[in-house]
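Everything quoted here is computed from the prediction, not taken from an experiment. For this chain, numbers begin at 1 and follow the sequence in order.
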Amino acid sequence: MDELLGTAMSTLFDLTGKTAILTGASKGLGLAMATALAEHGAQVAISARNQGKLDVAAEKINQICNREAAIPIAANAGNRAALKHLVEQVRIRAGSIDIVIGNAGVSPFLGPTSKIPDSAYEKIMATNVQSNLWLSQLTVPDMINRGDGSVIFTASVAAFKPSEQLGTYGMSKLAL
């Protein structure tokens with residue numbers, strides 16, 4: 001029965017020939033999603049700010065999949081020019097982008113929203129919310145032209161659970 005289920009899952013979720021791009025993919029949930037996509041056949045461009053961590057993550061994915069499934073490209077998701085460069089590099093190295101997963105998230109301020117500095121607020125909103133708009137603007141028109149594609153944004157339970165320490169982070173994830 002388990003073998004039958006495994007066959008059904010791999011057939012149902014066959015991503016062979018698809019290219020995915022993920023932000024916030026060097027660890028945690030992003031790395032887990034990138035690994036699963038690669039295990040189902042996708043070419044996966046993983047992105048985060050630290051190239052060294054991305055290289056380690058890509059090596060791990062490639063070992064699990066026994067192929068060069070992961071492409072590590074460093075980019076700060078809160079910077080529009082960096083995201084544009086990321087998308088351009090993925091197109092050069094892997095072709096069209098079929099799947100976009102906006103998973104990057106930051107919270108550089110702990111404390112009540114009434115005391116957050118403008119710079120921390122702007123960083124949270126740019127990375128957690130606006131970066132996904134930018135990614136969509138850069139990739140969705142091609143998906144529409146092809147009549148195929150998927151866009152996923154990672155929110156958080158913090159969107160629905162008040163916090164005196166992470167209020168602005170929760171607000172950004174609710175906006176997303």
Side-chain angles (χ1 to χ4, degrees), residues 18-39 42 44-61 70-91 94 97-144 149-176:
K18 301 288 185 183
T19 298
I21 184 171
L22 289 88
T23 61
S26 64
K27 61 183 178 178
L29 184 59
L31 178 56
M33 288 186 286
T35 302
L37 289 166
E39 287 177 316
V44 183
I46 58 173
S47 184
R49 291 174 291 186
N50 184 300
Q51 186 67 49
K53 289 180 182 179
L54 284 168
D55 291 340
V56 170
E59 185 176 322
K60 184 183 294 186
I61 292 169
I71 303 168
I73 304 170
N76 179 344
N79 180 296
R80 185 181 187 127
L83 288 178
K84 183 176 183 199
H85 177 75
L86 168 64
V87 169
E88 289 169 352
Q89 287 300 305
V90 174
R91 286 185 176 134
I97 298 167
D98 304 288
I99 303 163
V100 173
I101 300 179
N103 180 62
V106 298
S107 186
F109 175 78
L110 294 176
T113 299
S114 61
K115 300 199 183 305
I116 191 169
D118 287 351
S119 61
Y121 178 87
E122 290 162 4
K123 182 173 185 171
I124 290 170
M125 291 304 183
T127 303
N128 299 2
V129 183
Q130 195 168 24
S131 68
N132 295 299
L133 171 64
W134 294 332
L135 272 174
S136 296
Q137 289 172 333
L138 291 165
T139 59
V140 169
D142 292 342
M143 293 178 190
I144 291 169
S150 296
V151 178
I152 302 163
F153 302 137
T154 307
S156 169
V157 296
F160 303 104
K161 193 172 184 179
S163 169
E164 289 183 22
Q165 297 299 308
L166 293 171
T168 306
Y169 174 82
M171 182 180 8
S172 74
K173 291 302 184 172
L174 183 59
L176 183 58

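- Atom NZ of residue Lys53 and atom CG of residue Leu31 lie 12.0 Å apart, to the nearest 0.5 angstrom.
- A distance-only check finds a donor-acceptor pair linking the side chain of Asn128 to the backbone of Val106 [under 3.5 Å].
- Between Phe109 and Lys123, every side-chain heavy-atom pair lies at or beyond the 4.5 Å cut-off.
- Nearest approach of Ala74 to Arg49, heavy atoms of both residues: CB-O, 3.8 Å.
- Expressed to the nearest 0.5 Å, how far CD of Glu122 lies from OG1 of Thr127 amounts to 11.5 Å.
- In this structure, CD in Gln89 is found 10.0 Å from CD1 in Ile71, a value given to the nearest 0.5 Å.
- A 4.5 Å side-chain heavy-atom check between Ser131 and Thr23 finds every atom pair outside the cut-off.
- Side chain of Asp98 to backbone of Thr19: a donor-acceptor contact under 3.5 angstrom is found.
- Side-chain contact check for Glu164 versus Pro112: every heavy-atom pair is 4.5 Å or farther apart.
- Closest approach of Ser136 and Val151 over heavy atoms only: OG-CG1, 4.2 Å.
- Of all heavy-atom pairs spanning Leu54 and Ser26, the tightest one is CD2-CB, 3.9 Å.
- A donor-acceptor distance shorter than 3.5 angstrom exists from the side chain of Lys173 to the backbone of Thr154, with no hydrogens or angles considered.
- The minimum heavy-atom distance between Ala57 and Ile46, with the atom names listed, is CB-CD1, 3.8 Å.
- Side-chain contact check for Tyr169 versus Ser156: some heavy-atom pair is nearer than 4.5 Å.
- Remark: Asn79 pairs with no residue by the side-chain hydrogen bond (donor to acceptor under 3.5 Å, both in side chains) rule, at least two apart or across chains.
- Heavy atoms only, all atoms of each residue included: Ser172 and Val129 are closest at O-CG2, 3.2 Å.
- For the pair Val87 and Thr139, the minimum side-chain heavy-atom distance is below 4.5 Å.
- Counting only heavy atoms from C-beta outward, the side chains of Ile152 and Asn103 never approach each other to under 4.5 Å.
- Contact annotation: the side chain of Ile97 never approaches that of Leu138 to less than 4.5 Å [non-hydrogen atoms, C-beta and beyond].
- Among all heavy-atom pairs drawn from Gly102 and Asn132, the shortest one is CA-OD1, 3.1 Å.
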